[in-house]
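A quick write-up on the structure given underneath.
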Amino acid sequence: MDDIKSLLNKQSPNEPQQVSELKKYALATYDISLKVRVTSKSYTVLVPNAALAHKFRLDKDKIIEECSLDKALIIHIG
């Protein structure tokens with residue numbers, strides 16, 4: 001029987017398709033890596049500075065369409 005540590009190491013968290021699309025979009029468009037938090041009502045994106053947050057807010061409709069988001073997109077600076 002496997003111990004808990006080995007079971008947890010084998011189990012990889014399944015990331016929703018939308019999260020991976022958001023990360024790919026940010027890397028391709030702005031050359032940054034994002035932190036994304038998923039709740040039942042939204043995708044919260046953590047961007048490194050205010051300038052990028054502003055760009056994300058301007059492109060919000062395009063991002064929602066390209067990444068096929070089915071929840072609200074929230075942009076935080078952090």
Side-chain angles (χ1 to χ4, degrees):
M1 178 175 258
D2 293 332
D3 62 345
I4 292 176
K5 184 176 179 180
S6 64
L7 288 174
L8 290 175
N9 286 337
K10 289 180 187 176
Q11 182 182 8
S12 61
N14 292 333
E15 180 174 271
Q17 180 68 27
Q18 291 86 353
V19 172
S20 59
E21 290 295 323
L22 276 169
K23 289 179 179 180
K24 286 180 195 174
Y25 179 86
L27 190 60
T29 308
Y30 303 112
D31 197 30
I32 60 167
S33 59
L34 291 179
K35 292 182 182 178
V36 181
R37 184 175 49 198
V38 181
T39 66
S40 62
K41 296 182 182 181
S42 66
Y43 297 101
T44 303
V45 175
L46 196 64
V47 295
N49 57 48
L52 283 171
H54 180 67
K55 287 182 180 181
F56 263 78
R57 287 186 182 107
L58 290 176
D59 294 341
K60 192 172 185 175
D61 292 334
K62 181 181 176 184
I63 294 169
I64 290 171
E65 184 179 326
E66 284 191 22
C67 298
S68 304
L69 301 183
D70 54 352
K71 303 173 189 174
L73 177 62
I74 300 171
I75 301 153
H76 284 191
I77 302 167

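Treat the numbers as computed from the prediction; the structure is a model and nothing was measured.
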*Verify, without hydrogens or angle tests, whether N49 (side chain) and L52 (backbone) share a donor-acceptor contact under 3.5 angstrom.*
yes

_Taking ring-ring contact (aromatic ring centres under 6.0 Å, His included) as the cut-off, I'd like each qualifying pair that reaches into residues 18-57, sequence neighbours left out, listed once._
Y30-F56

*Calculate, to the nearest 0.5 Å, the distance between atoms CG and OG belonging to L22 and S68 respectively.*
10.0 Å

*Shortest non-hydrogen contact from R57 to I75?*
NH2-O, 3.0 Å

_Suppose we screen for side-chain hydrogen bond (donor to acceptor under 3.5 Å, both in side chains). Which residues come up paired with E66, at least two apart in sequence or across chains?_
none

_Pairwise distance NZ(K71) to CD(Q18) - rounded to 0.5 angstrom_ = 7.5 Å

*Pairs where residues 33-42 contributes a residue and the test side-chain hydrogen bond (donor to acceptor under 3.5 Å, both in side chains) is met, not counting sequence neighbours*: T39-S42

*For D31, does the CG atom have more than 12 heavy-atom neighbours from other residues, nucleotides or ligands under 6.0 Å away?*
no

*Mind checking whether L73 and V45 have side chains closer than 4.5 Å, heavy atoms only?*
yes

*Please round to the nearest 0.5 Å and tell me the distance separating atom CG of L69 and atom CD of Q17.*
11.0 Å

*asked:* Under the rule for side-chain hydrogen bond (donor to acceptor under 3.5 Å, both in side chains), what residues qualify as partners of E65, not counting sequence neighbours?
replied: none

*Connected via hydrophobic side-chain network under 4.5 Å: V38 and V47*: yes

*Evaluate the side-chain proximity of I32 to L27: yes if any heavy-atom separation is below 4.5 Å, no if none is.*
no

